[in-house]
Protein chains: 2
Amino acid sequence: MAHIEIREPTFYILSALATGPKHGYAIVKEVGEMSHDRITLRVGTLYSALERLTESNLVRIHGEEVVDGRLRRYYALTDTGAGALRDEATKLAAASRQAIARLGTWTPSPALRGAWA
Amino acid sequence: MAHIEIREPTFYILSALATGPKHGYAIVKEVGEMSHDRITLRVGTLYSALERLTESNLVRIHGEEVVDGRLRRYYALTDTGAGALRDEATKLAAASRQAIARLGTWTPSPALRGAWA
DNA sequence: TGATATATATCGGTCATCGTAGTATCTTCA
DNA sequence: TGAAGATACTACGATGACCGATATATATCA
């Protein structure tokens with residue numbers, strides 16, 4: 001149950017699961033929709049992340065189902081996982097607000113005279 | 001000038017520079033203050049990040065100065081760097097808001113009867 | 001004199017993610 | 001009929017940002 005790092009793809013996986021249990025392929029689709037297709041969750045990233053998240057008790061296997069001859073393995077957020085997602089989101093929001101505030105003081109470099117046609 | 005990834009420490013470095021040029025050690029101190037000492041920027045991380053950021057034109061060397069017999073090398077955000085920080089902050093804010101909204105539907109698991117004293 | 005603060009340099013190791021390939025089933029359509 | 005594409009999971013080497021530790025040097029303070 002060691003500490004794991006939550007980067008962008010893992011954050012989106014947790015966020016995808018926040019509205020209810022989903023199987024792997026559904027998570028890929030959900031992340032695509034959530035990000036307006038700006039993020040493509042790679043399957044290699046997904047399944048290794050799910051393994052880590054399960055290992056560290058942020059996510060648990062919720063059950064399996066065979067649909068049309070294909071296996072679906074469902075994953076669900078644990079209470080710990082929901083808490084971790086909330087903490088992470090809060091941290092990101094604070095860092096973001098702070099950066100925008102600091103940028104408020106930003107003065108762009110003056111354009112160079114004659115530097116363009 | 002290839003694409004570089006901005007994780008938490010690098011985000012804070014850019015944010016530290018958003019209020020004006022700073023030398024390396026000052027960046028370490030600033031990040032400590034900005035994060036209320038929740039983040040310790042490692043010097044190895046700092047200098048390798050500054051090299052990457054300079055390489056990709058998000059940051060530039062602003063000048064050097066010797067104070068009390070010690071070298072200070074100043075770094076400044078470029079216009080490109082300020083734009084990258086703003087973009088990144090905006091992205092984080094959106095992902096964060098979305099996660100919090102999705103968690104709004106979250107229902108904690110019912111406590112098990114008799115699971116505690 | 002020895003510890004702490006200031007300031008930068010270097011480098012092996014870790015680990016989340018990328019990128020790609022593989023296996024298998026079902027549907028669609030020419 | 002058979003090729004293409006969507007669905008669904010597995011596996012693995014490479015990449016790169018960051019960690020953690022060490023090194024060097026000067027100034028300050030107890």
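To find a chain, count down the sequence lines: A is the first, B the second, and so on, and within it residues start at 1.
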Enquirer: Can you tell me the distance, in whole Å, between the CD atom of B:Glu51 and the P atom of D:dG16?
Expert: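 In whole Å, D:dG16 P lies 14 Å from B:Glu51 CD.
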Enquirer: What pair of heavy atoms forms the shortest contact from A:Lys22 to A:Leu17, and how long is it?
Expert: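 Minimum heavy-atom separation between A:Lys22 and A:Leu17: N-CD2, 3.7 Å.
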Enquirer: List the steps, then state whether side-chain contact (heavy atoms from CB on, under 4.5 Å) holds for A:Thr54 with A:Tyr75.
Expert: CA-CA 9 Å; A:Thr54 302; A:Tyr75 293 88; 4.0 Å; yes
Enquirer: Grab the CD1-P distance between A:Ile27 and D:dT10 for me, whole Å please.
Expert: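 Taking CD1 of A:Ile27 and P of D:dT10, I get 12 Å after rounding.
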Enquirer: Rounded to whole Å, how long is the line connecting atom CG of B:Asp68 with atom C1' of D:dT28?
Expert: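 Value for this atom pair: 10 Å.
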Enquirer: Taking atom types as modelled and ignoring hydrogens, do the side chains of B:Tyr74 and B:Glu64 form a donor-acceptor contact shorter than 3.5 angstrom?
Expert: no
Enquirer: From NZ of A:Lys22 over to P of D:dA8, roughly how many Å is that when rounded to an integer?
Expert: 14 Å
Enquirer: Atom CD of B:Glu5 to atom P of D:dG16: distance rounded to whole Å?
Expert: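 Roughly 10 Å, once rounded to whole Å.
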Enquirer: Whether the side chain of A:Ser15 engages the backbone of A:Phe11 through a donor-acceptor N/O pair (distance < 3.5 Å, no angle test) should be reported.
Expert: no
Enquirer: How does each nucleotide of nucleotides 4-11 of chain C score, in 5' to 3' order, for protein heavy atoms under 4.0 Å: base (B), sugar-phosphate only (S), or none (-)?
Expert: -SBBBBBB
Enquirer: At 10 degrees resolution, what angle do the end axes of the helix from C:dT1-D:dA30 to C:dA30-D:dT1 form when each is taken over five base pairs?
Expert: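 Answer rounded to 10°: the end axes differ by 10°.
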Enquirer: Between A:Thr80 (side chain) and A:Leu58 (backbone), is there a donor-acceptor pair under 3.5 Å?
Expert: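 The answer is no, because no donor-acceptor pair under 3.5 Å joins these two groups.
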Enquirer: How many angstroms lie between atom CG of B:Leu41 and atom OH of B:Tyr12, to the nearest 0.5 angstrom?
Expert: 11.0 Å
Enquirer: For the backbone of A:Arg60 and the side chain of A:Thr78, can you confirm whether one donor and one acceptor N or O come within less than 3.5 Å of each other?
Expert: no
Enquirer: Expected output is a numbered-order residue list: members of residues 81-98 of chain A with a heavy atom under 4.0 Å from any atom of DNA chain C. What is it?
Expert: none
Enquirer: Measure the distance from CZ on A:Arg52 to P on C:dA16 and round it to the nearest whole Å.
Expert: 4 Å
Enquirer: Looking only at side-chain N and O atoms, does B:Thr19 offer a donor or acceptor that is under 3.5 Å from a partner on A:Arg102?
Expert: yes
Enquirer: For a quick test of reading the model, state the closest non-hydrogen atom pair linking A:Arg52 to A:Thr10 and the distance between them.
Expert: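 For A:Arg52 versus A:Thr10, the nearest heavy atoms are NH2-OG1, 3.5 Å.
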Enquirer: Indicate the atoms forming the closest heavy-atom contact of A:Glu88 with A:Ile6, along with that distance.
Expert: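 Residues A:Glu88 and A:Ile6, closest heavy atoms: OE2-O, 3.8 Å.
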Enquirer: Could you give the CZ-to-P distance, from A:Phe11 to C:dA16, as a whole number of Å?
Expert: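 It works out to 17 Å between those atoms.
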Enquirer: Would you name the heavy atoms of B:Ala18 and A:Thr105 that are closest together and state the gap between them?
Expert: O-OG1, 3.6 Å
Enquirer: May I have the distance from B:Ile4 (atom CD1) to C:dT17 (atom P), rounded to whole angstrom?
Expert: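 Spelled out: CD1 on B:Ile4 to P on C:dT17 is 18 Å.
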